[in-house]
K.L.:
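Handing you a structure now.
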Amino acid sequence: MPKQEQAQAQKEDKQTAGGQAELRKVREDKRDALREAGLDPYPYKYEPSHYAAALHEAYKDIPDGTETEDSVRVAGRIMAVRNNGMFLDVQDASGKIQVFCHKGSMSADELAKLKFFDIGDIVGGEGTMRRTPRGELSVRAIKVEMLSKSLLPLPEKFHGISDIEMRYRQRYVDLIMNRESCDTLRVRSKVISLIRRHMDDMGALEVETPILHPIMGGASAKPFVTHHNALDTDFFLRVAPELYLKRLIVGGFADDVYEIGRLFRNEGISPKHNPEFTTIEGYHAYKDYFDMMDMVEGLVQKLVMEIHGSLKIPYGDYEIDFTGPWQRKSMVDLVTEESKIDFLQFETAEEALRAADDLGISVDPQSNWGQIVEAVFEELVEPKLIQPMHVIDHPLDISPLAKGHRDNPRLVERFETFVNTWEIANAFSELNDPAVQRERFAGQAAAREAGDEEAQMMDEDFVTALEYGLPPTGGWAIGIDRLVMLLTNSSNIREVICFPTLKPKK
RNA sequence: GACCGCUUAGCUCAGCUGGUAGAGCAACUGACUUUUAAUCAGUAGGUCGAGAGUUCAAAUCUCUCAGCGGUCACCA
C-alpha cells in the first residue's frame, strides 16, 4: 500500500478508534496474524524449567562473555524490548531474565514469531544460558512461544504507574509494574503462614466460626447488616469472632483454638482503616492475661525475626526495637504520668470529666468513668507509644467481656499492645462468670438503648454457654493488617491489602 | 462526615497574568544491530474528569458534580 493510502486508511481507522482503542487494535491484529500463521495466541500449557531468580543464583559466578550448553526454558511477561526484539526482558514471579533472540541461534520461522510479540505478552523462551560480554545473564533463545497475547498496553517502563487510584483499582497492573507492591503483599502472605504454623506447632486447632451473626457482639463497633432471603432475617457481618471462639472452649473442643479471618466494621476509611480487615484471635484454657502477654510478645518477635532477621526494624522516621521484655504499664498509671492526675482518685464520672476538661480534653458528657480515662489516654498517651508496650489493666467500663481485675474492681485484666502508636493486639483474662457477664451485657444493651450504636447486644446464648462453664481462659487478637504495615514500612493500610475497598466508579 | 488539594495522549508529566494543546516512553513506518530507559529519521494518537456559567475567546476564571489523595472526626 502506498504511503498516502496507508495514512488515509489509518486516518479512517482513527475516526472509529481513539488512542487506546488504536493501540489495542494493533495487538488484536497481531493476535489474528498469529492464528493465520497457525499459532495459538492462547495455548494451554508450557513447562518452564527455571525461575529467573534461580538462574541468576545458579549462574552468578560465570564470567562475562561465557556461553554454556545448558538448556533452559523460561516463561513470563515481556517487560521491555530492545533492538527490535533482539533482547526481551522477561519477568516471572521471581524476577527478570533477558532472552536473547538472535538469527545466529534461531531459525527463520522462530525469528518470524518475534514480530507478533509486544511488551506485556506472556511468552516462553527456550535456549542456552550465557552471560553477555556486557555482563547480562541471558537465555540465548532457540525457540520462543506466545503463551498469552496481551491486548492492552502496559504503563511506561521507566516511571511505571504512580497513579494511586489505578494502583488499587487495577491491582494486577500495579503488581506487574511494581516489585515493591508484590514484595509487600508477599510479606503478608508469609506472616499469615508463619502465624498458622506457630499456632499449629503449639497444638492449637484452627477453626472457622460464622461470619453472619444474628447478634452483634464481641467488640464495640458499627456493623454491616445484610439479609438472608429464605430465612427473611437480617444478619450482621461479624465485628469479632470472640463469642463463638469462647463457646468452643466451653465445649471442650480444644483447650487452644484460633481463627484467622476477616472482620467487618461499618466505619470510616482511612490510611489505617479498611472496612474489612484480618485478625488472628486465639483462646487458651487455663491461662490468664499474663500468659497472653508472653504469647503475643513471643509470636510478634518471631514474625519480626523471620521477616527482617533482626528485632530492630525501620518504620518511617523511627527504628522500632522488638527486643523483650516489652514494658508493661497500666493505663491509669500512664495517664497519671502524662497528666499528673490520678484518675483512680475520682469515684464518679463527674469528677473525672472535670479533670479531663481541665486538661483541655473534650469528652462526651454522657461518658462513664472508664470512657473518660480512655479518652485521656488516647489523647495524651497513645501518640507517644512508639516502642512496643503492653498497656494493661483497662477500666471495666470499656471492657464488657474481660474478667474483673483480681486487685481492683474498677479495672479488668486486659492489655493492648501498642507499637508505633497503633494498637496491634488486644487481650484479656476472659470473663467466665455468667452472672457478671449477664450484667455487663445488660449495661451494654442499656447504652445501646441510649443511642450508643457501637454498644454490644445481649447475647443470651453466650451467657448460657458460660452457665455450662468456661474454664479460666486467656484470649488475644492481633490485627494482621497493621502488623504487616509495620513489617513492610507501609504508611497506608491499602498497601497491605490486595484489593482494598474503594468507592465503585460510575 | 468536614476542610484542603489533585484530575491534560495508553503511561509519566509540561502548558505563566485567558488567545483553538506539547514532550518523553509505549504504538506505527523505516534505518541500524550484542542492547541495558539501546540509537537515528519519520507518522499517528486528546470531548484537557463531567456539566453549567463568565468572556469575542476557557485546559487556564467561577459554580455544581464525580473519583482519588491528605488532614481531622469515628475506629483496629
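Below, chains carry the letters A, B, ... as their sequence lines are ordered, and counting in each starts from 1.
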K.L.:
For the C1' atoms, the ones on B:G45 and on B:A21, what distance do you get once it is rounded to whole angstrom?
P.N.:
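Between the two C1' atoms, the distance is 13 Å.
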K.L.:
State the pairing partner of B:A2; accept Watson-Crick or G-U wobble contacts with both distances under 3.5 Å, and report none otherwise.
P.N.:
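When the pairing criteria are applied, B:U71 turns out to be the nucleotide that pairs with B:A2.
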K.L.:
Using ring centroids (six-membered ring only for Trp), state whether A:Phe236 and A:Phe224 fall under 6.0 Å.
P.N.:
no
K.L.:
Atom NE2 of A:His159 to atom P of B:G10: distance rounded to whole Å?
P.N.:
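Rounding to the nearest Å, NE2 of A:His159 and P of B:G10 are 18 Å apart.
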K.L.:
For B:U20 versus B:C16, give the span between their P atoms, rounded off to a whole number of Å.
P.N.:
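Looking at atom P only, B:U20 and B:C16 are 12 Å apart.
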K.L.:
Quick one: which of B:A27, B:U33, B:A76 gets closest to the side chain of A:Arg265?
P.N.:
B:A76
K.L.:
Side chain of A:Leu23, heavy atoms from C-beta onward: which of B:G67, B:G70, B:A26 has the nearest atom to it?
P.N.:
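Within the option list, the nearest is B:A26.
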K.L.:
Here's a test of your reading of the structure: between A:Pro155 and A:Met86, which maps to the more 5' nucleotide of RNA chain B?
P.N.:
A:Pro155
K.L.:
How long is the line joining CD of A:Gln98 and C1' of B:U33, in whole Å?
P.N.:
14 Å
K.L.:
Any idea which heavy atoms bring A:Lys149 and A:Asp121 closest together, and the distance?
P.N.:
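Taking every non-hydrogen atom into account, NZ-OD2, 2.7 Å.
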K.L.:
For A:Asn420 and A:Arg482, test the side chains for any donor-to-acceptor distance below 3.5 angstrom and give the result as yes or no.
P.N.:
no
K.L.:
Regarding A:Ser107 and A:Asp109, is there a side-chain donor-to-acceptor distance under 3.5 Å anywhere?
P.N.:
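Their side chains do not contain a donor-acceptor pair, so the 3.5 Å distance test is not met.
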K.L.:
Calculate the interatomic distance between A:Glu22 atom CD and B:U29 atom P; express it in whole Å.
P.N.:
12 Å
K.L.:
Closest approach to the side chain of A:Glu165, judged atom by atom: which nucleotide of B:U34, B:A26, B:C68 is it?
P.N.:
B:C68
K.L.:
For the side chain of A:Arg482, starting at C-beta, report the closest nucleotide among B:U34, B:A76, B:G45.
P.N.:
B:A76
K.L.:
Checking base pairs now: Watson-Crick or wobble, both atom distances under 3.5 Å. What partners B:A38?
P.N.:
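Matched B:A38 with nothing under the 3.5 Å cut-off.
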K.L.:
Please state how far atom CG in A:Asp163 lies from atom P in B:A9, giving the value in whole angstrom units.
P.N.:
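After rounding, the reported distance stands at 11 Å.
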K.L.:
Could you state the atom-to-atom distance from CZ of A:Arg27 to P of B:G45 in whole Å?
P.N.:
19 Å
K.L.:
Check every strand shown and say whether A:Glu454 touches a base, only sugar-phosphate, or nothing at a heavy-atom separation below 4.0 Å.
P.N.:
sugar-phosphate
K.L.:
Which of the following nucleotides, B:U34, B:G10, B:U71, is nearest to the side chain of A:Phe87?
P.N.:
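Side chain of A:Phe87 sits closest to B:U34.
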K.L.:
For A:Trp422 and B:A76, are the ring centres under 5.5 Å apart with planes inclined under 30°?
P.N.:
no
K.L.:
Determine which nucleotide pairs with B:U43, using a 3.5 Å limit on both distances of a Watson-Crick or G-U wobble pair.
P.N.:
B:A27
K.L.:
For A:Asn492, report the nucleic acid contact type (base, sugar-phosphate, nothing); a contact means any heavy atom under 4.0 Å.
P.N.:
sugar-phosphate
K.L.:
Nearest to the side chain of A:His102, which nucleotide is it out of B:C68, B:U34, B:U12?
P.N.:
B:U34
K.L.:
Under a 3.5 Å cut-off for both distances, is B:A76 Watson-Crick or wobble paired, and to whom?
P.N.:
none
K.L.:
What is the pairing partner of B:U17, taking Watson-Crick or G-U wobble pairs with both distances under 3.5 Å in any strand?
P.N.:
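Its partner: none found.
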K.L.:
Determine the Euclidean distance between corresponding P atoms of B:C11 and B:A27; express it in Å to zero decimal places.
P.N.:
15 Å
K.L.:
Determine the Euclidean distance between corresponding C1' atoms of B:A14 and B:C28; express it in Å to zero decimal places.
P.N.:
25 Å
K.L.:
Between B:G24 and B:A9, how far apart are the two C1' atoms, rounded to whole Å?
P.N.:
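Pairwise C1' distance, B:G24 against B:A9, rounds to 12 Å.
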K.L.:
Counting heavy atoms from C-beta on, name the nucleotide in B:U36, B:A76, B:U34 closest to the side chain of A:Arg82.
P.N.:
B:U36
K.L.:
Just checking A:Ile424: base, sugar-phosphate only, or nothing, at a heavy-atom cut-off of under 4.0 Å?
P.N.:
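Answer is nothing: A:Ile424 stays at 4.0 Å or more from every strand.
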K.L.:
Is it the case that the ring center of A:Tyr315 lies less than 6.0 angstrom away from the ring center of A:Trp422?
P.N.:
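Ring centres of A:Tyr315 and A:Trp422 closer than 6.0 Å.
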K.L.:
Any idea which heavy atoms bring A:Ile497 and A:Arg171 closest together, and the distance?
P.N.:
O-NH2, 2.7 Å
K.L.:
Partner lookup for B:U55, please. Criteria are Watson-Crick or G-U wobble with both distances under 3.5 angstrom; report none if nothing qualifies.
P.N.:
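Here B:U55 is not engaged in any pair, so there is no nucleotide opposite it.
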K.L.:
Counting side-chain heavy atoms from C-beta on, which of B:U34, B:G10, B:A76 comes nearest to A:Gln20?
P.N.:
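Out of B:U34, B:G10, B:A76, the nucleotide with an atom closest to A:Gln20's side chain is B:G10.
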K.L.:
Between B:C25, B:U34, B:A73, which nucleotide has the shortest distance from any of its atoms to the side chain of A:Ser270?
P.N.:
B:A73
K.L.:
Let's see if you can work this out: which of B:C11, B:A37, B:U34 has an atom nearest to the side-chain heavy atoms of A:Phe158?
P.N.:
B:A37
K.L.:
For A:Arg167, which contact category applies under a 4.0 Å heavy-atom criterion: base, sugar-phosphate, or nothing?
P.N.:
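It contacts nothing in the nucleic acid.
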K.L.:
Separation of A:Arg131 atom CZ from B:U34 atom C1', in whole Å?
P.N.:
15 Å
K.L.:
When the distance from CD of A:Glu281 to P of B:A76 is rounded to whole Å, what number comes out?
P.N.:
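Going from A:Glu281 (CD) to B:A76 (P), I get 13 Å.
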K.L.:
Give me the distance, rounded to whole Å, that separates B:A31 from B:C68 when you measure between the C1' atoms they each carry.
P.N.:
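Approximately 44 Å lies between the C1' atom of B:A31 and that of B:C68.
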K.L.:
What distance, rounded to whole Å, do you find between the two P atoms, one in B:G19 and one in B:U36?
P.N.:
42 Å
K.L.:
With a cut-off of under 6.0 Å to the ring centre and 45° to the axis, is A:Arg130 in cation-pi contact with A:Phe100?
P.N.:
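Yes, a cation-pi geometry.
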K.L.:
Applying a 4.0 Å non-hydrogen cut-off, can you work out what A:Gly479 is touching in the nucleic acid: base, sugar-phosphate, or nothing?
P.N.:
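Contact class for A:Gly479: none.
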K.L.:
Whether A:Ser162 contacts B:U12 is assessed here as follows: a side-chain N or O lying under 4.0 Å from the phosphate OP1 or OP2. Is that the case?
P.N.:
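Checking A:Ser162 against B:U12: at least one side-chain N or O falls below 4.0 Å of OP1 or OP2.
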K.L.:
Which whole number of Å gives the distance between the P atom of B:G49 and that of B:U8?
P.N.:
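It comes out at 6 Å once rounded to the nearest Å.
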K.L.:
Does B:A26 have OP1 or OP2 under 4.0 Å away from a side-chain N or O of A:Lys157?
P.N.:
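Result: yes.
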K.L.:
Mind checking A:Met177 for me? I need base, sugar-phosphate or nothing, with any heavy atom below 4.0 Å counting as a touch.
P.N.:
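No contact.
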K.L.:
Taking atom P of B:C72 as reference, at what distance in whole Å does atom CD of A:Glu378 sit?
P.N.:
14 Å
K.L.:
I want to check one thing: is the phosphate of B:C68, taken as OP1 and OP2, less than 4.0 Å away from some side-chain N or O of A:Arg169?
P.N.:
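It does, given that an N or O in the side chain of A:Arg169 lies less than 4.0 Å from OP1 or OP2 of B:C68.
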K.L.:
Name the nucleic acid region contacted by A:Gly160, choosing base, sugar-phosphate or nothing; use a 4.0 angstrom heavy-atom cut-off, strictly under.
P.N.:
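Sugar-phosphate, no base atom in range.
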K.L.:
Would you please say whether a donor-acceptor pair under 3.5 Å links the side chains of A:Thr68 and A:Arg140?
P.N.:
no
K.L.:
Donor-acceptor check, side chain of A:Arg77 to backbone of A:Gly120, threshold 3.5 angstrom: yes or no?
P.N.:
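Indeed, once roles are kept as given, a pair shorter than 3.5 Å links the two residues.
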K.L.:
Which base sits across from B:G49 as a Watson-Crick or G-U pair, both distances under 3.5 Å?
P.N.:
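B:G49 is paired with B:C65.
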K.L.:
With a 3.5 Å cut-off and no angle check, do the side chains of A:Thr66 and A:Arg131 form a donor-acceptor pair?
P.N.:
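Checked: A:Thr66/A:Arg131 side chains show no N/O donor-acceptor pair below 3.5 Å.
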K.L.:
Counting only side-chain nitrogens and oxygens, does A:Asn83 get under 4.0 Å of the OP1 or OP2 atom of B:U36?
P.N.:
no
K.L.:
Select base, sugar-phosphate, or nothing to describe what A:Lys103 touches, counting heavy atoms under 4.0 Å on all strands.
P.N.:
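Since no nucleic acid heavy atom lies under 4.0 Å of A:Lys103, the category is nothing.
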K.L.:
Output yes when at least one side-chain N/O atom of A:Lys272 is less than 4.0 Å from OP1 or OP2 of B:A76, else no.
P.N.:
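A:Lys272 to B:A76 OP1/OP2: no side-chain N or O under 4.0 Å.
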K.L.:
Once you apply a heavy-atom cut-off of 4.0 Å, does A:Glu423 come out as touching a base, just sugar-phosphate, or nothing?
P.N.:
sugar-phosphate
